[in-house]
There are 2 protein chains.
Amino acid sequence: MNYTMKDIAQRANVSVSSVSLVLNNKPSRIPKETKNKIRKIAEELNYRPNSAAVFLSKKISYNIGLIVPDITNPFFAFLTKTIDERLRASNYSTLFADSNNSFEREVQIINNMISHGVDGILLVPSNKFFYQPHNKLQEMIDNLNKPLILLNASSDLRVNSVNFDNVLGAIMATEELIKYGHKSIAFIKGKDHFVNAPERYQGYKDALKKNDILLNPNYVFEGDYTIQSGYQVAPNIFNQRDITAILSSNDLMLFGIIKWAKEHRENVFKRFSMVGFDNNPYTEIIEVPLTTIDQEIGKMADKAIDLLLTILREKVRDSKQIIIKPRIIRRNSIKSEHSR
Amino acid sequence: MNYTMKDIAQRANVSVSSVSLVLNNKPSRIPKETKNKIRKIAEELNYRPNSAAVFLSKKISYNIGLIVPDITNPFFAFLTKTIDERLRASNYSTLFADSNNSFEREVQIINNMISHGVDGILLVPSNKFFYQPHNKLQEMIDNLNKPLILLNASSDLRVNSVNFDNVLGAIMATEELIKYGHKSIAFIKGKDHFVNAPERYQGYKDALKKNDILLNPNYVFEGDYTIQSGYQVAPNIFNQRDITAILSSNDLMLFGIIKWAKEHRENVFKRFSMVGFDNNPYTEIIEVPLTTIDQEIGKMADKAIDLLLTILREKVRDSKQIIIKPRIIRRNSIKSEHSR
DNA sequence: TGACTTTGATCAAGCGCTTTACCAAATGCC
DNA sequence: GGCATTTGGTAAAGCGCTTGATCAAAGTCA
């Protein structure tokens with residue numbers, strides 16, 4: 001086993017209480033020399049406090065649960081990295097779990113994390129999360145007795161959340177294309193129950209309306225955010241001869257379209273202007289890097305952690321919905337409509 | 001707070017001891033009806049054991065620490081996902097940390113994890129890990145008092161490890177190229193202090209020797225495993241007119257070469273046969289998917305967790321070095337030398 | 001000198017759970 | 001009926017740490 005305060009106390013000829021007071025820098029009347037002696041012994045023994053014992057008496061574990069739907073998705077990987085880094089900087093650790101896009105797992109994991117004594121939970125919900133009956137979810141959240149923050153998702157539940165303004169993001173993207181003269185803009189939407197998918201579709205529609213462009217239902221396609229689904233939908237887009245631009249709900253599906261085009265010897269970059277969502281780092285591989293809507297992950301992580309730490313510090317109970325403005329990253333995948 | 005055994009005991013009119021015995025399915029003389037009553041109440045209250053308290057008395061936390069150098073690298077992301085899944089299946093949770101390729105962080109994190117009471121640690125060491133003085137490292141590992149398993153790295157330290165046979169992987173890759181008639185094979189090696197990099201270089205050299213091909217130092221290039229470094233090295237490879245094939249220490253650097261080629265209108269797939277390492281999932285985006293050496297991540301995770309759980313169960317102390325055979329995944333990036 | 005204050009600590013309870021030893025009541029047996 | 005045995009539990013200590021209450025000794029002051 002590891003050394004305990006008892007070991008230090010014995011070696012320093014003081015009581016455990018004194019050791020505790022000193023190592024935690026609590027105000028006490030213990031003189032400098034004794035303090036130094038205790039600190040030195042702790043150092044020598046490489047004393048590490050037993051968090052379980054600390055938790056038992058203080059009810060603070062300095063563990064925060066983080067649940068993501070799929071860590072192999074670069075978006076969630078970057079988010080996880082940033083959150084872990086920020087938490088560590090505030091002296092917290094990350095209890096991690098991958099829900100593998102399953103709601104049942106999410107519930108299991110949440111229970112398990114509470115059992116493991118996390119101080120709070122950051123949940124990046126899977127698409128399946130919002131399938132559930134509203135009141136059941138609300139009850140679960142309310143019964144947690146620990147702060148829960150939803151990331152990358154919005155909800156009308158009474159719950160803290162941090163999300164990007166997806167409607168705005170899609171508007172920005174659509175208007176960028178319109179600015180370059182495009183009027184026949186295809187949209188690849190995610191499935192209706194996907195987190196943030198309806199909002200992106202809404203933004204697309206809003207932007208068209210605002211610019212007096214009629215929505216053509218033949219220009220709207222659907223995918224499931226994977227490269228494959230982009231690949232599958234690609235021929236249909238190429239078949240619609242008047243489409244000049246594509247807005248995709250994420251970058252991955254554009255990758256699929258590009259792959260299909262290359263295999264079929266179509267010059268996709270000449271034929272279409274393209275904008276995606278997510279700022280996928282692998283855009284680097286593409287010979288023409290994609291213009292994309294960047295959800296600034298660092299910002300989201302910061303906001304979420306600020307919110308969480310504030311709740312923990314001040315024990316507030318009401319829930320807050322934070323919305324972050326996305327930004328557009330202009331690269332080379334948009335050409336003026338007339339230059340084609 | 002959450003409900004405790006005390007709450008259950010009160011409601012069931014029994015002692016806390018009984019509740020503990022029943023909920024843990026310990027042999028006891030408590031009759032079925034009482035057991036059922038206790039279980040029912042626990043269920044109703046959504047009782048979740050307080051792991052900290054369990055840990056304090058049993059010294060088992062059911063938490064395993066996992067440290068990776070960079071979660072945004074798909075290889076580590078897949079590894080993390082698999083490990084998390086497997087651990088959860090065995091009733092353990094994952095205390096995660098990203099060391100951001102820093103040795104200091106690794107040490108900090110390990111101490112913190114021990115303090116948080118993990119039962120064991122799975123460490124995927126960063127390159128900088130092996131910079132350290134050998135004896136210091138050994139001392140640190142020995143003083144842990146918890147099983148530590150090194151993943152994706154080999155070491156002559158007394159420590160458990162699970163790694164792929166990188167020499168063999170590189171031999172397989174090189175011989176695959178030789179089989180297709182290639183003799184002028186470029187090699188992009190990782191920096192010497194990179195984990196597994198010297199082994200891959202060794203395999204390349206071994207395979208050449210075995211096949212009576214002289215090593216040409218002009219065919220050996222160096223990168224740091226990033227797309228950029230492949231991009232940078234690309235013109236030098238294109239300049240060596242007799243090179244017909246490229247073996248890269250990872251897929252990412254090949255991506256960089258492909259990108260450079262496209263930008264410079266070189267038909268890279270016609271000019272070179274290529275083999276990489278890692279089975280990077282984004283090979284999908286490339287129009288000619290890459291043949292690669294796959295380090296079966298699932299196998300590595302399984303072996304590591306088996307080893308860890310065995311150590312925990314049987315409290316063995318000696319260290320074991322497990323080596324896994326890699327496999328080659330044949331795709332379309334190799335052409336016969338004569339068909340060029 | 002005696003009352004009061006300050007200094008330098010310690011005591012003890014409690015956090016929630018596990019586990020071994022123990023005990024009282026009921027039952028079985030001759 | 002008296003003893004042993006079985007049944008159905010409980011008591012209590014301990015895990016390592018925190019913290020408010022407490023206390024003895026030394027120093028201060030009038």
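These figures come from a predicted structure and were not determined experimentally. Just so it is clear: chains get the letters A, B, ... in the order the sequence lines come, proteins before strands, and each one is counted from 1.
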**Student:** Identify, with sequence neighbours excluded, every residue that meets ring pair (Phe, Tyr, Trp, His ring centres under 6.0 Å) alongside B/Phe130.
**Tutor:** none
**Student:** Between which nucleotides of DNA chain C, read 5' to 3', does contact with chain A run, using atoms under 4.0 Å from its heavy atoms?
**Tutor:** C/dT7 to C/dG16
**Student:** Might you list the N or O atoms of the protein lying below 3.5 Å from N or O atoms in nucleotides 25-27 of chain D, with each pair's distance?
**Tutor:**
none

**Student:** If the condition is ring pair (Phe, Tyr, Trp, His ring centres under 6.0 Å), which residues does B/Phe164 pass it with, not counting sequence neighbours?
**Tutor:** none
**Student:** Quick one: salt bridge (charged side-chain N to carboxylate O under 4.0 Å, His left out) partners of A/Arg39, sequence neighbours excluded?
**Tutor:** none
**Student:** Could you list the residues that satisfy ring pair (Phe, Tyr, Trp, His ring centres under 6.0 Å) with B/Tyr62, not counting sequence neighbours?
**Tutor:** B/Tyr92
**Student:** In chain order, what residues pass the salt bridge (charged side-chain N to carboxylate O under 4.0 Å, His left out) check against B/Arg86, with sequence neighbours excluded?
**Tutor:** B/Asp302
**Student:** Could you list by number each residue of residues 41-49 of chain B showing a heavy-atom separation from DNA chain D of less than 4.0 Å, or answer none if no residue does?
**Tutor:** none
**Student:** B/Asp306: which residues meet the salt bridge (charged side-chain N to carboxylate O under 4.0 Å, His left out) condition with it, sequence neighbours left out?
**Tutor:** none
**Student:** If you look only at pairs with a residue in residues 8-17 of chain A, which of them pass as a side-chain hydrogen bond (donor to acceptor under 3.5 Å, both in side chains), with sequence neighbours excluded?
**Tutor:** A/Ser15-A/Ser18
**Student:** Could you identify which residues of residues 18-35 of chain B place a heavy atom less than 4.0 Å from some atom of DNA chain C, listed by residue number, or say none?
**Tutor:** B/Ser20, B/Leu21, B/Asn24, B/Lys26
**Student:** Residues two or more places apart in sequence or in another chain: which of them pass ring pair (Phe, Tyr, Trp, His ring centres under 6.0 Å) with A/Phe103?
**Tutor:** A/Phe129
